[in-house]
Each structure stands twice: as C-alpha cells, then as structure tokens.
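All values reported here derive from a predicted model rather than from experimental measurement.
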2 protein chains.
Amino acid sequence: MSKVGIKDIAARSGVSSATVSRTLRNPELVSKDTRTRVLKAVKETGYKPNRFGASLRTQKSGNVVVVMPDITNQVNAGIIRAIESEAHKAGYSVLLGDTQNQEEREQHYADMVSSGQADGILIFTPNLPFTLQENKPVTEQLPPLVNSCEEIDNEDIYKVLIDNKAGGRAAVQHLLDLGHTCIAAVMGPKDTPSTLERLAGYKQALTEANIEINKNLIIRGDYRTVSGIEAMEKLLRLRHRPTAVFCFSDDMAIGAMNALREYDYRIPEDISVIGFDDISYAELMYPKLTTIRQPLEDIGRNCMQLLVEQLKGNRPEQKVIKLPFELVVRQSTGPVPR
Amino acid sequence: MSKVGIKDIAARSGVSSATVSRTLRNPELVSKDTRTRVLKAVKETGYKPNRFGASLRTQKSGNVVVVMPDITNQVNAGIIRAIESEAHKAGYSVLLGDTQNQEEREQHYADMVSSGQADGILIFTPNLPFTLQENKPVTEQLPPLVNSCEEIDNEDIYKVLIDNKAGGRAAVQHLLDLGHTCIAAVMGPKDTPSTLERLAGYKQALTEANIEINKNLIIRGDYRTVSGIEAMEKLLRLRHRPTAVFCFSDDMAIGAMNALREYDYRIPEDISVIGFDDISYAELMYPKLTTIRQPLEDIGRNCMQLLVEQLKGNRPEQKVIKLPFELVVRQSTGPVPR
DNA sequence: CTGAAAGCGCTTACAG
DNA sequence: CTGAAAGCGCTTACAG
C-alpha cells in the first residue's frame, strides 16, 4: 500500500494542503486552473483522504451503526436492504453490527457511537446499551437513535414498530374463522417484547371466542427453524392434538411443516400452520405458507429516515411510527378437519 | 451525548492525559493507585476514547471490511457468520459492505482501506477495486486482502476457493448415474467466474458421457429465485423437455421446483432438480433439495484466518486454499422416468 | 482565490 | 511510575 497524504498532493501540484482539501470538499472555492492540477495529482497517485484525520477535525464520521441480534436471518435481511439504500441516499455508510445475542457485542457496537466512529445508531434489540442518568432528560443523553422490532422499555426513544399484539390476534382469528378451536402457539425467545405481545394477541383472540387457554398448547421456541421442529414434535405427542398451529415466526412455521411431513400429516388437511413475518421463502414452501406479513422494507426505510432527521439536528415530534401488518392467506391453513 | 475527552478524565483524576491513555492501553505501566483513580473517573463519565484520535496516531483502525454483492442471501449469510466470529477472536471488527452489484459501491468499500478506515479487506466479487501499476510487485501495492467465491483474475492474490468446475461435473454425474441424458442447466449471472466454471463442469460431464451439448437446454439465470422460476418455464416449453435440471444455485432450484409444482409436475418422478450451495432452506424444501454443498463456514473461517495472517505482517507461502465441496443427495433427484 | 496556522483527540518516545 | 511535548492527517476561520 502506497501511503499518499495530502502533503504529497500539495507538493505534487504546487499548492498548499489547504487548497487540496478545498479542491476535494468545496471545489467551487478553487480556481479552475488549480483544481485541474490538483485533481490530476489525486488521480495519478490514487490519493484518498485519511478518514481519521478528517473525522477528527469535523467531528463527523459519516457512518451509522445497525445493531441486530442476527444479521443473517431473512427478516433482518429484508430490513437491512432498505436501511442500506436509504442510508446511501442520505450520504451515510452503514456499519452492520451482528450481536449474535451477546450483550458484550451489543455494547461494543454502541461504543462505536460513543467513540465517534458512528454518528447515529439503529437498535433492533430490546436493550438500551447506554446508561442514563435520572436527573437529565433522556434525549440529551442519547445520540441520534432509532429502535425497532424489539421495543426498548423507554418512552422517550424514537421507534418504528408494528402492532404485534394485533398481529397475533389476527393470526388466531384467521384460524378461528376456519373453525379451529384447538389452536397451539409456538413462541419466540423468552421475554422478548415481540413474543410477549404476540402471545397476548393469541390469548385475547381465544378469550374473545370463549375458548379457554390451554398451557399445554403453548410451546417456547426461539424463532429459528429447529425450535419449530421440536415444538411441533412436542405438540404431536399430546392426547388432544391441536388442529392448527400459530408459529411466531416463519422460520419456526417452516420447521413445524417439516416435522408434520416427517410424521405423515397433511397440511392443511390434518393440521393448519400459520407463521409470522412473510420472509421471502414463505411463499416458496409447499404448501405455500400463510402468514402475518411485516412490512420489512417499510420498517427499514422508516428507521433510517427517522435517524437521518435526528442526524440533521431535528427532533421530530412523533416519537413512534406504527406500521401496518397484513394477513397473507396462502395454502398452509384450511378448514378444521371434521 | 456528553462529549467527554481524555483531558476531562485527566483533570478529574489529577493526572496527565498520557497517564490516562496508559491506564487504558497498558495498565501494567501505571501504579495501582492512579489506575484505580483513573478508572473511577472513566466509569463515572462513561468515557470512550475517540477512535479517530487513536487511529490517527497509531495508523491502525482495528477494522476489516467485507465486500459482498448481496449480504442478504443465504450463501453469504453462512459465510458472514464464520467471518464475524473469527474476526472477533482476533480482535477485529467487521464492516459489512453490501455492494448491491454496483461497482461504485464496491469502490466505496475498497476506499475504506485506502483511507485507513479498515486495515484489511475480504472481497467476494470478481473485481479488484484497486489499480495496479505494472512495474511493481502486486503484493506491495495491495493492502491485506483475501478473495473468495468469485475468483479475481490475478495470480498474486490470496484466495479461498472451491473447485466449481468439479462441483458442476459432480452434479451432472449424479444425474447421469440416475439414467438422465436430457439434462438442462440454469446458469448464474453472465460472465461470473463461478458460473463459467460450473458450466464447464456441466459440459465436461456430458461430453465424457458422449452426450451432445444442446444449447436450448442451457438457460441464463442470476442465482436468484425468480430467475429459477423463469428458466424452468422456458424449459417446459421445449419440444424435448429435460428430465433433469441442474441449477447453479439453491435459490434458483427452489424457484424451479415452485414452477414445476405450478404446472403439476412431480419432483423427482417427472423431473429431477439439483441445486448448488446447500443453504439452510435446501433441506427444508418439499421434496428436500439435492445439492452440491459448499462449506460456507469453512470458507468464512479460512478467509478471515488468511487475512489475519497478513494483518500480522506475514505473507503466507500458499496463495490459494482449495476447500472441498460435497454432493448431498436428498429427495429432489431420482431415476429418469421411462 | 490561496496560504499559514491552529487544533481536532489521541499515543508514545523521551526524559526524569 | 509519570509528565511535557510532538505529531498522526486532515479542515477551516482568518488574513491577505
């Protein structure tokens, strides 16, 4: 690696380093003649301004950091895509922080903001990796920040959310409408806000239909495929098997369908399956998966837009953006068997 | 955001900023007493050293950048996971650069190395985003760098690869072994090294079996699901339909299976389908997808290890690491219908 | 339109 | 064990 600095360019083109900097940042301040000379030298040497020098001076990094529990799952994939393209529009680079569900790594990425490596942060976990002092207003203590997907328990934070409870309720209502009364739930990871909400929706729908909640029909999962398989295997052992299963994620629903096929059940003739998310593989399954669609792209776009507003120094009035979910009926759900 | 600097800590604990820095970087150089005082001040204020100041001084960023055409697909997902955990072990942070197949963005991420924001780079596209001068040795002109998945046409670069040609050949040989003679190929994006290699393997296997190459049976795709659907639809219109299809990616194979089901073909009784990659969804399909497995985790791990060696200042003798693929026979391939 | 100079926040060789 | 000082590579207010 050749290490070309601003001084080399200055020397090469016979101007001061100030003029080189101006040529690159504010070319309109420089005469056409010098500009040409400087740019020639830049091109010849392949000079790139050292970001640390610039950022140290300007106190801006031009980066935003995204903190996600698992960057490789399909839900986050859809969100990331939108974040990236929106950030790009606003002139920011995205640093993707995969926490692998480790608190230490969450902290690590949050520190990138504290240490100036990023100007703002998008948080998709339910924890706020910044310590707050009680006596000061929250907004003054936090960097530009938006929270989404897993709600942080703090009213003063900007958020982009869907109504998980209503989503859960809609999923179960769909099954009730098909005549099911023995409906199982496969939950996500313990104590995550999204799971608790969806569970509340599940319970609400059943209660409204005068159906008693049966604890044996509620299984803990972790949103991943394997846990869907295991949950389904547990359910199939029950004396009174469910005729329909509401999985709190598509990945678990896909696992559940695989377990059902393994044991020769027909979907939906024997057992109906509904998921949550509408990842791209949902409609590629056989049978195609009925699910509650999260507007992944909208979530990503809104998150970034809300962050960019803050980066501009604005403090939008509206703290929370609620986005709509949608029941997508496909082939994995059908009338209750009789 | 409170902006606490090293001077604030120095003042608070009654020492010089040099001592604060030592306490944080080389605590063994500082007396226990001062160390305690400094750490107390750090904790109370939540001070994080500004990365730009430090990096400007040390000329190290502690970051590596990963350049990928699409961070959200499942092949890359598997690779990223391994890269992240390996980087973490070596004390590096990973900046994920999704290029969305735009050359401009590829350049942007490469510039992060040129501008000092990253100390090394992992490139999963076939283009080298650095200009080389002919008269100097290549290694001296490049930063620590490893190339994988899509081979860059340069012998002096460190690479982690699988034998795509042999992989393609193995896929077709599997179909030949099942008695198929009319075998279609659904290729990836035009001119990508991986696709050209797999195609060469396809042709080699057929030629060895004395089967003539039929251009109508070779369709262009782009590795994504939709292109698999479209390719299959084209193939089904042919007067002499293939009895087996080799898709150069699992996503396209999944698309192809969906198209087949749409038109009431049975898999594999009517038409066999084989993919390439073995993404996690491959074995969750119905029928479960037969495919050529890429060792995604191994690829990621080896890439990062090879990069870390270079970051340490070493220049390993072996430039290319070849990793083995594996034919995974599942349910989407079967004997030729008679 | 251009240059000299200050300074962003650190780290580290040097001196004590 | 600790401090004063230099300097990493930029940008920009100021002066001309």
Side-chain angles (χ1 to χ4, degrees), chain A residues 1-39 41-42 45-63 91 111-119, chain B residues 1-39 41-42 45-63 111-119 143:
Chain A
M1 279 310 273
S2 45
K3 271 298 151 209
V4 187
I6 197 169
K7 282 184 203 159
D8 299 307
I9 305 299
R12 247 177 184 266
S13 44
V15 296
S16 72
S17 56
T19 299
V20 175
S21 178
R22 283 191 201 101
T23 307
L24 264 23
R25 303 285 151 213
N26 305 92
E28 70 281 6
L29 298 179
V30 178
S31 79
K32 199 179 169 188
D33 189 44
T34 26
R35 203 191 310 163
T36 322
R37 235 168 339 126
V38 171
L39 290 177
V42 168
T45 55
Y47 166 68
K48 301 288 169 200
N50 178 304
R51 187 62 169 272
F52 296 125
S55 291
L56 188 55
R57 178 61 222 244
T58 60
Q59 303 292 326
K60 301 261 172 251
S61 68
N63 297 326
D111 288 351
M112 294 183 106
V113 186
S114 309
S115 70
Q117 277 195 94
D119 303 331
Chain B
M1 280 310 272
S2 45
K3 273 298 152 208
V4 188
I6 196 169
K7 283 185 203 159
D8 299 307
I9 305 298
R12 247 176 184 267
S13 43
V15 297
S16 71
S17 57
T19 299
V20 175
S21 178
R22 282 192 202 99
T23 308
L24 265 23
R25 302 286 150 213
N26 305 91
E28 70 279 6
L29 297 180
V30 178
S31 80
K32 200 179 168 188
D33 190 45
T34 28
R35 204 192 308 163
T36 322
R37 243 174 326 131
V38 171
L39 290 178
V42 168
T45 55
Y47 166 69
K48 301 289 168 200
N50 179 303
R51 188 61 170 272
F52 296 126
S55 291
L56 187 54
R57 177 61 223 244
T58 60
Q59 303 292 327
K60 300 260 171 249
S61 68
N63 297 326
D111 288 351
M112 295 183 107
V113 186
S114 309
S115 70
Q117 277 195 95
D119 303 331

Query raised in the report: Under 3.5 Å, side chain of Asn50(B) to main-chain N/O of Gly53(B), donor-acceptor pair present?
Result: yes
Query raised in the report: Backbone N or O of Ser115(A) within a donor-acceptor pair of the Arg51(B) side chain at under 3.5 Å?
Result: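 Flag not set: sc Arg51(B) to bb Ser115(A) has no pair under 3.5 Å.
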Closest to the [X] side chain, choosing from [options]:
X	options	answer
Ala54(A)	dT11(D), dG9(C), dT12(C)	dT11(D)
Lys7(A)	dC14(D), dT11(C), dC8(D)	dC8(D)
Arg22(A)	dT2(D), dG3(C), dC10(D)	dG3(C)
Thr34(A)	dT12(D), dC10(C), dC1(C)	dC1(C)
Ile6(B)	dG9(D), dA4(D), dT11(C)	dT11(C)
Thr19(B)	dC14(D), dT12(C), dT2(D)	dT2(D)

Requested in this report: Name the residue closer to the 5' end of DNA chain D, choosing between Thr58(B) and Asp33(B) according to the nucleotide with the nearest heavy atom.
Outcome: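 Residue closer to the 5' terminus by nearest nucleotide: Asp33(B).
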Between [N] atom [atom2] and [X] atom [atom1], what is the distance in whole Å?
X	N	atom1	atom2	value
Leu24(A)	dC10(D)	CG	P	10 Å
Gln59(A)	dG9(C)	CD	P	5 Å
Arg37(B)	dC1(D)	CZ	P	14 Å
Leu56(B)	dT12(C)	CG	C1'	14 Å
Tyr47(B)	dG9(C)	OH	C1'	7 Å
Asn50(A)	dG7(D)	CG	C1'	13 Å
Arg25(B)	dC10(C)	CZ	P	9 Å
Leu29(B)	dC1(D)	CG	C1'	9 Å

Report summary line: The answer to which of Asn26(B) and Gly53(B) contacts DNA chain C further toward the 5' end, by nearest nucleotide, is Gly53(B)
Query raised in the report: Hey, is the side chain of Arg57(B) pairing donor to acceptor with the base of dG9(D) inside 3.5 Å?
Result: no
Report task. For dT2(C) and dA6(C), measure between their P atoms and round to the nearest Å. Result -> 23 Å
Requested in this report: Provide the Watson-Crick or G-U wobble partner of dG3(D), both distances under 3.5 Å; none if there is no partner.
Outcome: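 Its partner is dC14(C).
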With a 4.5 Å cut-off on side-chain heavy atoms, are [Y] and [X] touching?
X	Y	answer
Leu39(B)	Arg35(B)	yes
Met112(B)	Ser61(B)	no
Thr34(A)	Thr23(A)	no

Query raised in the report: Under 4.0 Å between a side-chain N or O of Ser31(A) and OP1 or OP2 of dC1(C)?
Result: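 Answer no for this pair, as no side-chain N or O of Ser31(A) is under 4.0 Å from OP1 or OP2.
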Requested in this report: Using only side-chain N and O atoms of Ser17(B), determine if any of them is under 4.0 Å from OP1 or OP2 of dT11(C).
Outcome: no
Requested in this report: Test Val30(A) against Val38(A) for side-chain contact (heavy atoms from CB on, under 4.5 Å), laying out the working first.
Outcome: CA-CA 10 Å; Val30(A) 178; Val38(A) 171; 6.0 Å; no
